[in-house]
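Notes follow the structure.
Throughout, numbering of the chain's residues begins at 1 and tracks the sequence.
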Amino acid sequence: MKILVVGAGSIGKRHAANLVQLGCRISLLPYSRFVREQWGSRPEDLRRFDGAVVATATQHRLEIIRRLAAAALPLYIEKPLCASMADVELIAECTEHVAARCMVGFMMRYHPAFREFAAMDLSSVYSCNFEIGHDVRQWRENWAFSKSYAARADSGGALLDLCHELDMALCLFPGASDLTVESLGHFRFPGVDFSTRIAFSGERSMLGVVAMDYLSPVSFRRMTLRGTDMNAEFDFITGKGAVMRGIESWPVEFAIERNRLFLSAMQDFLNLASGCSEPIPSHCPTLDRVMGNCAKIVAAREARQFKGMIAGDFP
C-alpha cells in the first residue's frame, strides 16, 4: 500500500517509520510543502495513494482533512482531531462519506490493560480517576516548549495534548456529562492550560475526574476505579495494577513497549484502508465511532475556567 503522511514532526516521522515497518511505501510531506505545492487542489492527484496520515499541528488540520477527504482517501488523523467545535462540525460534514474508513489516533485504546478493563462489568463503579502528568520541558532532546505547537493557544495545552485519558474515561463511561473544567495557566502563554482537572458525572450515579498536567517532575499515568463490589487500579508506566473484590485480589500486569500501541492502531487503519474483510475491533477508534468523544474533548477545552497562574520558566 502507498500512504501519504502529512506532517514531518516527531509524530509524523514515527508514523512514517511504522508504516514502512508494516510494509507500506510512504511519502512524507511537511505541512509547509503541502501548502506551498497546493496538494489536494486537484483530488485526482491524490488517488495514487491508498490512504493518508494527518500528523500536523492541530490548528492546520481542517483544510488538509477537507482536501484529502474530497479524494475519498481513508485517513488516520492524529489526536486531538481539532481544537474548536466549529471545526468538529466541519470535519464531520466533509468526511461523512469516508468516516467509517478513517481513524483518530487514540492509540491508548490498544493498551491490553485498558482493553481488559473495558471488557469488565463496571456497572457498580461509583468513582473513577484518570491522571497523567510529566514535565513538558523534558519531552525530547533539543525541545523548546515556547517554539512548539504545545505553547499555542489555538493548538496546545495539557487538555488537548494529553486527551487520551479523557477518551479512555469516555470509553469506559460513555454516559459521562456535566463536565466542569478548571485549569492553571502561565502569564507568558495566555490561553494555554498547564494543569487541568475535569470533573464529570455518569448516567449510573457515578463521579469521575480526569487530570492532566505539564508540570510534574516525575512522570505518572494511572487509572483508579471504585465500585460497590470491586476496586481496580492500573499504572500505565510500571505496567502493573490489581483488581480487588472483597478479600480477594489478583494482579493485572502488562509490560508493553509504547510503540507497539502505535503499530497496532496503524495496522487496523491499513485494514480499513485496504477494505480488509476482517471484523473491525470494538476498540478501534474509527472516525464515525469517536466523533462524539472528539466533540466532548473540544467542549471540555472550550469550558475551561482558569483559576490561577503557575510560576516557572518554560523556555
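Of the possible donor and acceptor atoms, none in the side chain of Asp193 sits under 3.5 Å from a partner among the backbone N and O of Ser183. Distance alone, capped at 3.5 Å, places no donor-acceptor pair between the Arg25 side chain and the Ile3 backbone. Not a single donor-acceptor pair under 3.5 Å links the side chain of Arg304 to the backbone N or O of Glu182. Of the possible donor and acceptor atoms, one in the side chain of His186 sits under 3.5 Å from a partner among the backbone N and O of Gly312. Judged purely by atom type and a 3.5 angstrom limit, Ser155 uses its side chain to pair as donor or acceptor with the backbone of Tyr149. Between the Lys296 side chain and the Ala176 main chain, a donor and an acceptor come within less than 3.5 Å of each other. At least one donor-acceptor pair closer than 3.5 Å links the side chain of Glu302 to the backbone N or O of Met85. Side chain of Ser274 to backbone of Asn271: a donor-acceptor contact under 3.5 angstrom is found. When atom types are taken as modelled, the side chain of Lys240 and the backbone of Pro251 share no donor-acceptor pair closer than 3.5 angstrom. Of the possible polar contacts, one joining the His97 side chain to the Ala69 backbone as a donor-acceptor pair under 3.5 Å is found.
A ring-centre distance under 6.0 Å is found for His111 and Phe234. Checked against the 6.0 Å centroid threshold, Phe194 and Phe145 count as a close aromatic pair. Aromatic rings from His134 and Tyr214 are positioned such that their centres are separated by 6.0 Å or more.
When only modelled atom types and interatomic distance are considered, Asn129 and Thr224 share no side-chain donor-acceptor pair under 3.5 Å.
Annotation for Glu44: atom CD counts as buried by contact number, over 12 foreign heavy atoms lying within 6.0 Å. Under a cut-off of 6.0 angstrom, the local environment of CD in Glu96 is sparse, with at most 12 non-hydrogen atoms contributed by other residues, nucleotides or ligands.
Summarising the geometry, atom CD belonging to Glu89 is positioned 9.5 Å from atom CD belonging to Glu93; distances are rounded to the nearest 0.5 Å. Once rounded to the nearest 0.5 Å, the distance linking CE of Met309 with CG of Leu184 reads 9.0 Å. Phe189 contributes atom CZ, which lies 12.5 Å from atom CZ of Arg152 (distance to the nearest 0.5 angstrom). Here the CZ atom belonging to Phe117 is positioned 9.0 Å from the CG atom belonging to Leu122, to the nearest 0.5 angstrom. To the nearest 0.5 Å, atoms SG (Cys284) and CZ (Arg289) are separated by 6.0 Å. Within the model, atoms CD of Glu131 and CG of Asp213 stand 9.0 Å from one another, a figure rounded to the nearest 0.5 Å.
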Open item on the list: Applying side chain to side chain contact (heavy atoms under 4.5 Å, CB included) to Phe106 and Cys171, what does each step give before you reach the verdict?
Closed with: CA-CA 11 Å; Phe106 292 122; Cys171 283; over 6 Å; no
Open item on the list: If you apply the rule side chain to side chain contact (heavy atoms under 4.5 Å, CB included), what do you find for Asn259 with Leu263, and how did you get there?
Closed with: CA-CA 6 Å; Asn259 197 54; Leu263 282 166; 3.8 Å; yes
TODO: Kindly determine whether Val53 and Leu4 satisfy side chain to side chain contact (heavy atoms under 4.5 Å, CB included), including the steps that lead there.
DONE: CA-CA 6 Å; Val53 174; Leu4 173 66; over 6 Å; no
Open item on the list: Pair Val104, Tyr76 - check side chain to side chain contact (heavy atoms under 4.5 Å, CB included), show working.
Closed with: CA-CA 6 Å; Val104 179; Tyr76 183 107; over 6 Å; no
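Considering all non-hydrogen atoms of both residues, Ala52 and Leu73 come closest at CB-CD1, 4.2 Å. Minimum heavy-atom separation, Arg188 to Ser146: NH2-CB, 4.0 Å. Nearest heavy-atom pair, Asp154 versus Arg301, reported as atom, atom and distance to 0.1 Å: CA-NH2, 3.9 Å. Minimum interatomic distance between Met230 and Val243 (heavy atoms only, all atoms of both residues): CE-CG1, 4.4 Å. Nearest heavy-atom pair, His15 versus Phe262, reported as atom, atom and distance to 0.1 Å: CE1-CD2, 3.8 Å. The heavy-atom pair separating Met107 from Ala265 by the smallest distance is CB-CB, 4.4 Å.
Cluster annotation: Leu170 is connected to Val181 through the hydrophobic network of ILVMFWY side chains, with a link wherever side-chain heavy atoms come within less than 4.5 Å. Under the 4.5 Å side-chain heavy-atom criterion for grouping Ile, Leu, Val, Met, Phe, Trp and Tyr, Met120 is connected to Phe130 within one hydrophobic cluster. A chain of hydrophobic side-chain contacts below 4.5 Å, direct or via other Ile, Leu, Val, Met, Phe, Trp or Tyr residues, connects Ile280 to Met266. In the hydrophobic clustering of this structure, Val209 does not group with Phe114; members are Ile, Leu, Val, Met, Phe, Trp, Tyr whose side-chain heavy atoms approach within less than 4.5 Å, directly or through other members. By the rule that hydrophobic residues join a cluster once side-chain heavy atoms approach within less than 4.5 Å of another member, Val98 and Leu68 end up as members of separate clusters.
With salt bridges taken as basic N to acidic carboxylate O contacts below 4.0 Å, one links Asp167 and Arg109. With respect to Asp229 and Arg245, a salt bridge is recorded, a charged nitrogen being found less than 4.0 Å from a carboxylate O. For Glu165 and Arg221, the salt-bridge test passes: some basic side-chain N is under 4.0 Å from an acidic carboxylate O. At a threshold of 4.0 Å, the pair Arg222-Asp235 does not count as salt-bridged, since none of the basic side-chain nitrogens sits closer than that to a carboxylate oxygen. Comment: Arg260 does not engage Glu257 in a salt bridge, judged by the lack of any side-chain N to carboxylate O separation of less than 4.0 angstrom.
Between Leu166 and Ile198, some side-chain heavy-atom pair lies under the 4.5 Å cut-off. Within the 4.5 Å cutoff, the side chain of Met108 has heavy atoms near those of the Leu261 side chain. A heavy-atom distance below 4.5 Å is not found between the side chains of Trp39 and Ile64. When side chains are defined from C-beta on, Leu270 counts as touching Cys24, because their heavy atoms get closer than 4.5 Å. Contact annotation: the side chain of Leu272 approaches that of Met103 to within less than 4.5 Å [non-hydrogen atoms, C-beta and beyond]. A 4.5 Å side-chain heavy-atom check between Ile77 and Arg61 finds at least one atom pair inside the cut-off. At a threshold of 4.5 Å between non-hydrogen side-chain atoms, the residues Met223 and Leu172 count as touching. Contact annotation: the side chain of Ser27 approaches that of Phe49 to within less than 4.5 Å [non-hydrogen atoms, C-beta and beyond].
Cation-pi geometry between Arg137 and Phe314 is met: the NZ or CZ atom falls under 6.0 Å from the ring centre, inside 45° of the normal.
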